[in-house]
2 protein chains.
Amino acid sequence: MKIGYDMNAELDREKKPLSDGQILREITDAIIEGRLSPGDKLGQDELGKVFGVSKTRIRPILHRLNEQKIVVIEPMRGAFVARPSVEEARAVNAARQIIEEGVIRAATRVARVKDLKALREIVAEEHNARLTRNGGQAHRLTGEFHCELARITGNEVVADVVRDLVSRDNLVVALYQRPNAAACSLDGHAALIDRIAEGNEDAAAHAMRHHLQDVMDSLNLGPKTGPSKSLATAFAHLRQD
Amino acid sequence: MKIGYDMNAELDREKKPLSDGQILREITDAIIEGRLSPGDKLGQDELGKVFGVSKTRIRPILHRLNEQKIVVIEPMRGAFVARPSVEEARAVNAARQIIEEGVIRAATRVARVKDLKALREIVAEEHNARLTRNGGQAHRLTGEFHCELARITGNEVVADVVRDLVSRDNLVVALYQRPNAAACSLDGHAALIDRIAEGNEDAAAHAMRHHLQDVMDSLNLGPKTGPSKSLATAFAHLRQD
DNA sequence: GCAACAGAAATCGGATACGATTTAAAGAAT
DNA sequence: ATTCTTTAAATCGTATCCGATTTCTGTTGC
C-alpha cells in the first residue's frame with residue numbers, strides 16, 4: 001500500500017504523537033497479551049505506519065525490546081517477536097530464584113509491620129481478581145507482589161532489577177500459557193509473608209525458591225506455536241476510521 | 001570546556017568503521033578510567049567526529065549508557081557523564097550486597113574444583129596487576145572476580161545482572177576512589193574463595209556482605225569534582241596521524 | 001516436473017537534511 | 001555599569017533519502 005501526505009490530514013484530526021514509552025508499552029502489551037505471537041516479524045516501516053511515526057523512532061524502541069529479550073534482531077533481516085526457548089525460560093526462573101533469595105533475605109531483616117500490610121493488601125487484590133475471573137489483573141498483581149517485596153528493601157536498584165526480571169518472566173509465562181494453574185502463587189505468597197513475619201530468614205529464602213520453582217513447574221513447556229497475526233489486527237484498537 | 005579544533009582534519013582518511021559495541025566500550029572505558037569526568041558533555045556531533053561516524057549511530061549508544069546509568073540524558077539538552085550522588089553510590093553497593101548474597105549462595109552450592117581454580121586465577125592476576133602498579137587492570141579484575149562468581153552459577157541472566165551492577169559500581173569507585181585503598185579487595189576475595197571451598201553457604205554470604213561493605217567504606221564520599229577534559233584528548237589513542 | 005539461477009521488489013542500516021529548542025552573546029534601557 | 005531584551009549560534013530530535021543485503025518470483029535448463 002502506498003502512503004501519501006494526504007493521510008496526515010486524517011491523523012492530525014486526533015493529534016496522536018505517541019511518546020516512545022507509549023509505543024514501547026503498546027508493543028510489549030501486544031506481545032504479552034498474545035496479539036502478537038513469537039516469531040512474528042516486526043517490520044520497521046510497518047510499525048511506523050501503525051503508530052503514525054517514522055521508522056527512525058521505531059528502531060531504537062526495537063533495540064530496547066531486544067535488550068529486554070522480548071524481541072530478537074537479526075542483522076539485515078529485521079526484528080521478530082522473541083521465541084524464548086525452554087532453556088531460556090528455565091534460566092530466567094533460575095535467575096529469579098538466585099536473586100530473589102537475596103532479596104527476601106534482606107526484606108526479612110528490615111520488614112516493618114506496614115510492609116507486611118502492603119504485601120497482604122496485594123495478596124488480597126490478587127484474591128479478588130481471581131474471584132472476578134480477571135486473569136490479566138491477577139497476572140499483573142502476581143508480579144507486583146515480587147516488586148513490592150523488592151521495594152521493602154528500600155533499594156531502588158534492586159527494585160529495578162526485580163522489575164525487569166518479573167517483566168521478562170511474565171512474557172515467558174504468557175507464551176507458555178498455563179490454562180488454569182495460578183492458584184499456587186496465592187498460597188505461595190501467603191506463605192512468604194508468614195515466613196517474613198516470623199523473621200525466619202532461612203525459611204523465607206527456602207520458601208521463595210520453592211515458590212518460584214512451583215510457578216515454573218506449572219508451565220506447559222511443550223512446543224507451542226501460536227498462529228501469526230498481522231500487525232494491523234494486533235493494533236486494531238489504535239485505528240481511527 | 002573547549003574542544004580541540006584540529007582533530008577532524010585527517011579522520012576521513014582512515015578506514016575504521018567501529019562497531020557499536022566497540023564504540024560503547026571505548027566510551028565506558030574512557031569514563032571508568034577517568035579520562036572523562038562526571039558532568040562532562042557528550043555531544044552527539046562531537047562524538048561522531050571522534051569515531052568517524054554519524055550521530056545517527058551515536059544516539060542509541062548514548063541511550064544504552066543512559067539505561068546503564070553511566071550517562072544522563074537531559075531532554076533537548078544533551079548527554080552528560082553521570083554524576084552519581086553519594087546516595088546513589090550507597091544504593092548500588094547495597095544492591096550488590098543483596099543480590100550477590102543470593103549469587104554466592106547459589107555458587108557455593110554448585111561450585112566445582114575448576115571453578116575455584118578459575119577464581120584463584122583471577123585473584124593471582126589481581127595480585128600481579130597490583131605488583132606492577134597497573135591500577136586500571138587491577139580495577140578491572142576486581143570486577144571480573146565477581147562476574148566470574150556469577151558465571152559459576154551457570155546462569156547467563158544472573159551473570160548479565162551482575163555485570164551491569166559491577167560496571168555501574170566501577171564508575172562509582174572510579175569517582176570516589178581514595179588514592180591508595182584497594183588492597184582490601186584482595187584479602188576479601190581470597191576469603192570468599194575459602195568459604196566457598198568449605199561449602200559453608202552462610203559464611204560465604206556473610207563474607208560477601210562484609211567484603212562489599214569494606215569496599216564501600218574505603219571510598220572517599222566527600223564532594224569530589226574532577227577536572228573536565230576534552231573529548232579529543234579523552235580518545236586521543238584512537239587518532240592515527 | 002523440479003531444481004537452480006537471475007532479476008526485481010522489499011527492507012534494513014546508516015548518513016544527510018531540517019525544524020524545534022536551548023544556550024550564548026550582543027545591544028538597549030534604566 | 002548592570003540588567004533585561006533580542007538576536008544569533010549551536011545542538012537535539014525527527015523525517016527523508018540512499019546504498020547494501022536479503023527475499024521473492026519468474027525463467028531457464030535438465
Side-chain angles (χ1 to χ4, degrees), chain A residues 1-12 15-24 26-27 36 39-67 71-82 228 230-232 234, chain B residues 1-5 7-8 11-24 26-27 36 39-67 71-82 228 230-232:
Chain A
M1 170 179 70
K2 213 74 162 125
I3 191 160
Y5 283 76
D6 44 9
M7 184 175 182
N8 291 352
E10 302 198 22
L11 281 181
D12 58 5
K15 266 295 188 181
K16 287 213 313 177
L18 292 87
S19 73
D20 290 4
Q22 286 173 317
I23 296 177
L24 191 89
E26 285 290 342
I27 297 177
L36 289 171
D40 280 1
K41 168 144 200 187
L42 299 173
Q44 299 179 354
D45 289 321
E46 201 172 353
L47 281 173
K49 295 272 181 61
V50 169
F51 292 106
V53 299
S54 159
K55 65 178 181 179
T56 308
R57 290 182 57 193
I58 297 294
R59 243 168 50 79
I61 292 173
L62 290 176
H63 275 85
R64 284 180 61 177
L65 291 169
N66 177 52
E67 288 167 21
V71 312
V72 292
I73 293 181
E74 302 184 24
M76 282 296 168
R77 286 194 16 106
F80 306 85
V81 178
S228 296
S230 78
L231 294 185
Chain B
M1 175 179 71
K2 301 301 179 198
I3 66 170
Y5 310 94
M7 62 184 184
N8 51 4
L11 280 180
D12 53 3
R13 187 163 48 79
E14 59 176 297
K15 297 287 188 294
K16 281 216 311 181
L18 292 88
S19 74
D20 289 4
Q22 287 173 316
I23 295 177
L24 191 89
E26 285 291 341
I27 297 177
L36 289 172
D40 280 1
K41 169 145 200 188
L42 299 173
Q44 299 179 353
D45 290 317
E46 201 172 354
L47 282 173
K49 294 273 180 60
V50 169
F51 292 107
V53 300
S54 156
K55 66 178 181 179
T56 308
R57 290 183 56 194
I58 297 294
R59 247 172 55 77
I61 292 173
L62 289 176
H63 275 85
R64 285 181 61 177
L65 291 170
N66 177 52
E67 288 168 20
V71 312
V72 292
I73 293 181
E74 302 183 24
M76 282 295 168
R77 286 194 17 112
F80 306 84
V81 178
S228 297
S230 79
L231 295 184

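Each chain gets a letter, A, B and so on, in the order the sequences are listed, and its residues count up from 1.
With values rounded to the nearest 0.5 angstrom, B:His63 atom NE2 is found 4.0 Å from B:Ile73 atom CD1. Residue A:Leu24 holds its CG atom at 6.5 Å from CD1 of A:Ile61, rounded to the nearest 0.5 Å. Note that NZ of B:Lys49 is 12.0 Å distant from CD1 of B:Ile58, once rounded to the nearest 0.5 Å. To the nearest 0.5 Å, atom CZ of residue A:Phe80 and atom CD of residue A:Glu74 are 5.0 Å apart. In this structure, A:Leu47 CG and A:Lys41 NZ are separated by 10.5 Å, a value rounded to the nearest 0.5 Å.
In the helix from C:dG1-D:dC30 to C:dT30-D:dA1, the rotation axis of the first five pairs and that of the last five pairs differ in direction by 10°, rounded to 10 degrees.
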Every protein N/O within reach of nucleotides 16-21 of chain C N/O, cut-off under 3.5 Å:
| unit_1 | atom_1 | unit_2 | atom_2 | d |
| --- | --- | --- | --- | --- |
| C:dT16 | O4 | B:Thr56 | OG1 | 3.4 |

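Side chain of A:Arg57, nearest nucleotide from D:dT14, C:dA15, C:dC12: D:dT14.
Nucleotide D:dA10 holds its P atom 13 Å from the CD atom of B:Glu46, rounded to whole Å. Taking atom CG of A:Asp45 as the reference point, atom C1' of D:dT16 lies 12 Å away to the nearest angstrom. In this structure, CD1 of B:Ile58 is placed 15 Å from C1' of D:dT11, rounded to the nearest angstrom. A:Phe51 places its CZ atom 15 Å from the P atom of D:dT14, with the value rounded to the nearest Å. The distance from atom CD of A:Glu74 to atom P of C:dC12 is 12 Å, rounded to the nearest whole Å. In this structure, NZ of A:Lys41 is placed 6 Å from C1' of C:dT11, rounded to the nearest angstrom. Following rounding to the nearest Å, B:Lys49 (NZ) and D:dA10 (P) show an atom-to-atom distance of 11 Å.
Listed pair B:Gln44 / D:dA10 fails the phosphate criterion, with no side-chain N or O lying under 4.0 Å from OP1 or OP2.
Among all heavy-atom pairs drawn from B:Val71 and B:Leu62, the shortest one is CG2-O, 3.5 Å. Of all the heavy atoms in A:Leu36 and A:Leu42, the pair that sits closest is CD1-CD2, 3.9 Å.
Contacts between residues 59-67 of chain B and DNA chain D, defined by a heavy-atom separation under 4.0 Å, are made by B:Arg59.
Screening B:Glu26, B:Arg57, B:Gln22 against B:Phe51 for a side-chain contact (heavy atoms from CB on, under 4.5 Å) leaves a single residue, B:Glu26.
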